[in-house]
> 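Structure incoming, see below.
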Amino acid sequence: MQIISGFSEVLHRELMVSGHEHVSSTNEIAFSVGGVSAKMRTREPIILATGDRIAVCGEFGKGGVFNAYALMNYTRGVSASCAASANEILGVIFIIFGAAFAIVGVGLLFVALGIWLLRENKKMKAAETMLHDPHSRDASAGSAA
């Protein structure tokens, strides 16, 4: 997990809406920070404009794009995070459901999915914590490697 900071350049925004009776939306933004191509996806709006001074925390994914799990926008005084308590709840439910049906075999898939959800959410919360911890931010600010 690393922190990259600098000035942003917004490259692309997308709002994805899904559902019929119960509608949910996901916001995705592609941007660059400190010369690094990055992307972020959250349920909440991501407040970011070209020229904003920001710091992001996450990790590089396939293709060299930085997956931002948390963002701090110093210019506008706001932050965004991918972490969601719903993922924790869903992860625990999947593990319990999977354990109950482990004898059938399909339950093991639910256990694995539940563990994956909890692990991913923990990683996203850690990114958010790193951005809000001044010692982590100072030690990693401006680094892209």
> Among residues at least two apart in sequence or on other chains, which ones pass ring pair (Phe, Tyr, Trp, His ring centres under 6.0 Å) with Phe66?
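Scan of Phe66 (ring pair (Phe, Tyr, Trp, His ring centres under 6.0 Å), adjacent residues dropped) gives Phe60.
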> Calculate, to the nearest 0.5 Å, the distance between atoms OG and CE belonging to Ser79 and Met72 respectively.
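Those atoms lie 5.5 Å apart.
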> Tell me the closest heavy-atom pair linking Gly51 and Thr75, and the distance in Å.
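Looks like O-OG1, 4.4 Å.
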> Who pairs with Thr26 by side-chain hydrogen bond (donor to acceptor under 3.5 Å, both in side chains), at least two apart in sequence or on another chain?
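Result, side-chain hydrogen bond (donor to acceptor under 3.5 Å, both in side chains) vs Thr26: Arg43.
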> Can you list the steps and then say if Tyr74 with Asp52 is a side chain to side chain contact (heavy atoms under 4.5 Å, CB included)?
CA-CA 7 Å; Tyr74 299 110; Asp52 286 354; over 6 Å; no
> Search all heavy atoms of Phe31 against all heavy atoms of Ala68 and return the closest pair with its distance.
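Closest heavy-atom pair between Phe31 and Ala68: CZ-CB, 4.2 Å.
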> Roughly how far, to the nearest 0.5 Å, is the CD1 atom of Ile46 from the CG atom of Asn73?
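CD1 of Ile46 is found 11.5 Å from CG of Asn73.
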> Counting C-beta onward and ignoring hydrogens, is there a side-chain heavy-atom pair between Val10 and His12 closer than 4.5 Å?
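In short, these two side chains do not touch, never coming nearer than 4.5 Å.
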> Does the side chain to side chain contact (heavy atoms under 4.5 Å, CB included) test come out yes or no for Tyr69 and Lys123, once each step is laid out?
CA-CA 8 Å; Tyr69 302 136; Lys123 191 175 4 175; 3.8 Å; yes
> Output every pair passing salt bridge (Lys or Arg N to Asp or Glu O under 4.0 Å) with a member in residues 104-115, not counting sequence neighbours, ordered by first then second residue.
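Sorted pair list comes back empty.
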> Please name the residue in the list Leu48, Leu71, Ile29 that meets the side chain to side chain contact (heavy atoms under 4.5 Å, CB included) test with Ser8.
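So, applying the side chain to side chain contact (heavy atoms under 4.5 Å, CB included) to Ser8 and each of Leu48, Leu71, Ile29, only Leu48 qualifies.
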> If you draw a 6.0 Å radius around CG in Leu113, do more than 12 non-hydrogen atoms from other residues or ligands fall strictly inside?
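Check passes, neighbour count above 12.
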> Under the side chain to side chain contact (heavy atoms under 4.5 Å, CB included) rule, collect the residues that match up with Ser37, sequence neighbours excluded.
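Partners of Ser37 under the side chain to side chain contact (heavy atoms under 4.5 Å, CB included) test: none.
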> Between Ser81 and Thr42, what is the shortest heavy-atom contact and its length?
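Answer, listing the atom of Ser81 first, then Thr42: O-CG2, 3.5 Å.
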> Checking Met1 against Cys57 for the side chain to side chain contact (heavy atoms under 4.5 Å, CB included) test, could you report, in this order, the C-alpha distance in whole Å, the side-chain angles of both residues, the deciding distance, and whether it holds?
CA-CA 7 Å; Met1 196 86 64; Cys57 187; 3.5 Å; yes
> Does any part of the side chain of Cys82, heavy atoms only, come nearer than 4.5 Å to the side chain of Met40, both counted from C-beta?
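Yes, side chains in contact.
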> Find out whether Phe7 and Thr50 are in side-chain contact, i.e. whether some heavy atom of one side chain is under 4.5 Å from a heavy atom of the other.
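No. Closest side-chain heavy atoms not under 4.5 Å.
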> Linking Ile, Leu, Val, Met, Phe, Trp and Tyr by side-chain heavy atoms under 4.5 Å, what else ends up with Leu11?
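Result for Leu11 is none, singleton.
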> A side-chain contact here means heavy atoms from C-beta on lying under 4.5 Å apart; do Asn67 and Lys39 qualify?
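Result yes, sub-4.5 Å side-chain heavy-atom pair found.
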> Give every residue pair that meets the salt bridge (Lys or Arg N to Asp or Glu O under 4.0 Å) criterion with at least one member in residues 12-29, sequence neighbours excluded.
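Every salt bridge (Lys or Arg N to Asp or Glu O under 4.0 Å) pair that includes a residue of residues 12-29, provided the two are not neighbours, is Glu28-Arg41.
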> If hydrophobic clusters are built from ILVMFWY residues whose side chains come within less than 4.5 Å, do Val92 and Ile115 share one?
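Yes, Val92 connects to Ile115 through the hydrophobic network.
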